[in-house]
Protein chains: 2
Amino acid sequence: MKRPVPASGLGHLRVVLDENFYIGPGRADLLEGIEKTGSISAAGKAMAMSYKRAWSLVQALNEGAGAPLVETSRGGTAQGGAHLTATGREILARYRAMEQKARAAIAPDVEALRALTKRPPPKT
Amino acid sequence: MKRPVPASGLGHLRVVLDENFYIGPGRADLLEGIEKTGSISAAGKAMAMSYKRAWSLVQALNEGAGAPLVETSRGGTAQGGAHLTATGREILARYRAMEQKARAAIAPDVEALRALTKRPPPKT
DNA sequence: CCTCGATATGTTCAAAAAAACATATCGACT
DNA sequence: AGTCGATATGTTTTTTTGAACATATCGAGG
């Protein structure tokens with residue numbers, strides 16, 4: 001699963017809140033997928049990630065953050081599933097906002113670097 | 001070699017120019033170390049990195065960027081050494097500037113996230 | 001009480017990354 | 001010609017990471 005090169009030049013933005021909690025692109029995508037699909041396994045599959053890995057990431061997120069970001073249920077009519085808590089949604093939204101702001105803030109420098117290293121503007 | 005948690009909350013800023021060239025915190029620190037010490041091995045040692053690893057990173061930087069960022073010499077009176085090219089210095093400077101700008105741009109959201117997850121302001 | 005799909009977790013294997021170790025080379029200077 | 005310190009590379013070992021596989025569990029509903 002290779003992440004495509006963003007035209008913006010911003011590859012990773014990892015926001016580290018302390019030594020056991022951070023949000024990066026992968027975690028954000030996973031949260032987004034869970035929100036969209038209502039399931040850890042479906043979200044994982046959508047990004048070509050094993051269920052175990054996806055579940056482990058959710059664990060890390062829930063334990064790392066003070067509050068749970070993802071709530072899960074097993075069995076029942078819906079046969080189980082997962083969804084974001086309000087905190088989870090806010091963290092995701094803020095991360096996306098930060099990505100945008102950071103992109104905008106560094107855009108001029110990225111352009112300058114592209115020119116400096118004589119690189120054609122990327123196709124994507 | 002663990003990177004300390006920055007009080008700003010910005011852990012990683014990786015600027016990807018294309019699939020074989022990017023700059024992140026590690027590479028920037030290495031460039032800075034080379035600039036300061038005049039040697040790949042000294043710079044590597046300063047960040048608890050093996051010479052081989054440091055040298056490999058320099059290779060990746062020089063090959064990935066269109067132009068060489070680090071120039072090296074062997075033997076001679078100074079017994080060899082390394083220094084940044086003008087391009088190398090500019091890339092480093094711009095990366096640092098981008099870090100600052102990104103930090104500033106996301107600072108309010110970082111604060112909000114800290115509050116949201118009820119985290120004491122970090123000591124560092 | 002058995003089914004079903006998704007969560008929950010352990011175990012084992014393979015691939016990738018980094019560390020560790022080992023040489024070889026350059027070249028002004030003595 | 002031999003020294004010295006830093007670059008330049010190759011080889012081997014260890015560590016880390018992720019994939020793969022295997023089970024166990026939950027719980028409304030048929």
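Treat the numbers as computed from the prediction; the structure is a model and nothing was measured. Note that these values count all heavy atoms, side chains included, but never hydrogens, waters or copies made by symmetry. Chain A is the first sequence line, chain B the second, and so forth, proteins listed ahead of strands; every chain is numbered from 1.
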TODO: Can you tell me the distance, in whole Å, between the CG atom of A/N62 and the P atom of C/dA8?
DONE: 9 Å
- [ ] Output yes when at least one side-chain N/O atom of B/S41 is less than 4.0 Å from OP1 or OP2 of D/dT7, else no.
- [x] yes
- [ ] Name the nucleic acid region contacted by B/G80, choosing base, sugar-phosphate or nothing; use a 4.0 angstrom heavy-atom cut-off, strictly under.
- [x] sugar-phosphate
- [ ] Could you list by number each residue of residues 21-32 of chain B showing a heavy-atom separation from DNA chain C of less than 4.0 Å, or answer none if no residue does?
- [x] none
Open item on the list: In this structure, how many angstroms lie between the P atom of D/dT7 and the OH atom of B/Y51, rounded?
Closed with: 5 Å
Open item on the list: Output the rounded distance in Å from CD (B/Q79) to P (D/dG2).
Closed with: 17 Å
Open item on the list: Expressed as a whole number of angstroms, how long is the span from A/L57:CG to C/dT7:C1'?
Closed with: 15 Å
Task: Under-4.0 Å salt bridge between A/D18 and B/R114 - done: no
Task: Residue-phosphate contact under 4.0 Å: A/S39 side-chain N/O, C/dT7 OP1/OP2 - done: yes
Task: Atom-to-atom span, CD1 of B/I40 to P of D/dA6 - whole angstrom - done: 12 Å
Task: Integer-rounded Å distance: D/dT7 P and B/K52 NZ - done: 15 Å
TODO: Specify the residue among A/R53 and A/G76 whose closest nucleotide of DNA chain D lies further upstream toward the 5′ end.
DONE: A/R53
Open item on the list: What is the distance, to the nearest angstrom, from the CD atom on B/E71 to the P atom on D/dA6?
Closed with: 19 Å
Task: Check: B/P68 main-chain N/O paired with B/T85 side-chain donor or acceptor under 3.5 Å - done: yes
TODO: Would you mind classifying the nucleic acid contact of B/S50 as base, sugar-phosphate or nothing, using non-hydrogen atoms under 4.0 angstrom?
DONE: nothing
